[in-house]
There are 2 protein chains.
Amino acid sequence: MDILKLENQLCFPVYALSRHITSLYRPHLEKIGLTYPQYLVMMVLWEHQQVTVKELGQQLWLDSGTLTPLLKRMAENGLLTRKRSEKDERVVNIIITEKGENLKQEASDIPSKLIKELATDEEQFFLLQKQINQILSLKSSQNI
Amino acid sequence: MDILKLENQLCFPVYALSRHITSLYRPHLEKIGLTYPQYLVMMVLWEHQQVTVKELGQQLWLDSGTLTPLLKRMAENGLLTRKRSEKDERVVNIIITEKGENLKQEASDIPSKLIKELATDEEQFFLLQKQINQILSLKSSQNI
DNA sequence: TGCAATTAAATTGTAAACAATTTAATTTTA
DNA sequence: TAAAATTAAATTGTTTACAATTTAATTGCA
C-alpha cells in the first residue's frame, strides 16, 4: 500500500469535508448576511453577549490576525461593537448588538437544515462528531 | 438542548480539525517548500505525472479560481510546467518536472509522522477516515 | 520604584478558497 | 455550415487563515 496515495491519506477527507460543509452553509448564511466564520462568532455571542478577542480566539482556535479584520467587518455590519476594556487597555471587548441578538431567530433553522443536507442518516453524524471531539480533546490536553 | 450552541454543532469540530491537521503538516511541508494544498497537487502528480487542471479540480474539489494561481506559484518554484493542450486549446496540462519527482522522496516520511502526531491511537483515525469517506461518497453520488 | 518580561491586539504580507464574470475554444443543433 | 450552447481556464474581488512583527499596556521582580 502506497501511503502517499491520496485516497489512503487520512487528512484530505477531513479537509474536503470541512470545505463541503462550509459550502452547504453558504446559501443559508448568505440570506442572513454572514460567512461561516462570522456565524461561529455569532454563536459564541448568542451564548455570552460579551467576550474578549482572546476568549473568542480560544473558543474558535483563531488568532487576532484572523479575528481583528473579521470583527471589524462584523462591526461595520452592526452585529457587534468593539470596545477597549477600561480595566485593561490591552483587552478589546466584543459586545453583541440588538441587531446581532435578533439574528439568532433568523439562524435558528439552519442547523437542522444542515444535518438533513449532509446526509439522511443523522446517526452517522453524531458518531462522527463524537470521534472528532475525542481527537480534538486529545490535542487540547497535550497543550496544557 | 440548544442546537445552536457551538459544542452541539457537528460542523465546527470538522472545521477545527481540518485546520489543526493543516497546522501539523505545516512544519514538515515548510522544509520541502510546500503548502498543504500544494502538497495535495504533488500527490496527484506523483501518481499521474500529467493531468489537466479540470482533472486536478475533480480530484481535489477545487475550481480554476483556486488552482490557476496555485499552479502558477508551483510552476515558478519549478515543480511543474503548465502547457496548453494542442488537441484542445481550452485545456491546460499540468506536467510534473524532474524537481517535482525528486520531492517525493523528501516527502515520504511525512504521512507516518502525521499519524503519530495526530494521536497515539491509529485505529481511531482509520475509523474516522472510513466514516468521512462514506459521507463524501454519499455527497458525490447526489451530484450524479 | 523601575526595568525586563509578558500579554493582548493590531499590522503586514502571503496563500488559499470561492462566487461571479470573462475569454476563448469546441460542440451541438437548427 | 453558422449561430447557440457548452466547456475549460483565467480573471476579479472579497474573505478567511496564519506566520511574523509591532505596538502598547500590564506584571513581575530585582
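Reminder, nothing fancy here: chain letters follow the sequence lines and each chain counts from 1.
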Review point. Got a sec, which residues hit salt bridge (Lys or Arg N to Asp or Glu O under 4.0 Å) with A/K113, two or more places apart in sequence or on another chain?
Key: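 Per chain and number, A/K113 pairs via salt bridge (Lys or Arg N to Asp or Glu O under 4.0 Å) with A/D109.
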Review point. Closer than 4.0 Å, any side-chain N/O of B/Y15 to the OP1 or OP2 of D/dA17?
Key: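 Looking at the OP1 and OP2 atoms of D/dA17, one of them is under 4.0 Å from a side-chain N or O of B/Y15.
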Review point. So does A/T22 get a side-chain nitrogen or oxygen closer than 4.0 Å to the phosphate oxygens (OP1/OP2) of C/dC18?
Key: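 For C/dC18, OP1/OP2 do not have a side-chain N/O of A/T22 under 4.0 Å.
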Practice item. Report the residues that fulfil side chain to side chain donor-acceptor pair (under 3.5 Å) with A/N102, sequence neighbours left out, ordered by chain and then residue number. Key: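 A/N102 satisfies side chain to side chain donor-acceptor pair (under 3.5 Å) with no residue once adjacent residues are dropped.
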Point to revise | Of A/K87 and A/D63, the one whose closest DNA chain D nucleotide lies more 5' | key: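 Result of the comparison: A/D63.
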Would you mind reading off the distance between [X] atom [atom1] and [N] atom [atom2], rounded to a whole angstrom?
X: B/H20; N: D/dC18; atom1: NE2; atom2: P; value: 12 Å
X: A/Y39; N: D/dT16; atom1: OH; atom2: P; value: 15 Å
X: B/L60; N: C/dC18; atom1: CG; atom2: P; value: 12 Å
X: A/Y36; N: C/dA16; atom1: OH; atom2: C1'; value: 18 Å
X: B/F12; N: D/dA17; atom1: CZ; atom2: C1'; value: 14 Å
X: B/E86; N: C/dA25; atom1: CD; atom2: P; value: 14 Å
X: B/L62; N: C/dA15; atom1: CG; atom2: C1'; value: 13 Å
X: B/L29; N: C/dA16; atom1: CG; atom2: C1'; value: 14 Å

Exercise for review: Return each pair, listed once, that meets salt bridge (Lys or Arg N to Asp or Glu O under 4.0 Å) where at least one residue sits in residues 58-84 of chain B; pairs must be two or more places apart or across chains.
Suggested key: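 Of all non-adjacent pairs touching residues 58-84 of chain B, those that pass salt bridge (Lys or Arg N to Asp or Glu O under 4.0 Å) are B/K83-B/E86.
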Review point. Of the nucleotides D/dT16, C/dA17, D/dC18, which one has an atom closest to the side chain of B/R26?
Key: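 Looking only at side-chain atoms, B/R26 lies closest to D/dC18.
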Exercise for review: Sequence neighbours left out, what passes side-chain contact (heavy atoms from CB on, under 4.5 Å) with B/T35? Give chain and number order.
Suggested key: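 Applying side-chain contact (heavy atoms from CB on, under 4.5 Å) to B/T35 gives B/P37, B/Q38.
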**Study point:** side-chain contact (heavy atoms from CB on, under 4.5 Å) partners for B/R90, two or more places apart
**Key:**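 In terms of side-chain contact (heavy atoms from CB on, under 4.5 Å), with neighbours along the sequence ignored, B/R90 is linked to B/D88.
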Revision key, fill the gap. Nucleotide by nucleotide, nucleotides 1-13 of chain D touches protein heavy atoms under 4.0 Å in the pattern (B base, S sugar-phosphate only, - none) ------BSBBB--
Review point. Judged by atom type as modelled, is there a donor-acceptor pair below 3.5 Å linking the side chain of B/Y36 to the main-chain atoms of A/F12?
Key: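 Yes.
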Review point. Between the side chain of B/K99 and the main-chain N/O of B/L80, is any donor-acceptor distance below 3.5 Å?
Key: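 No.
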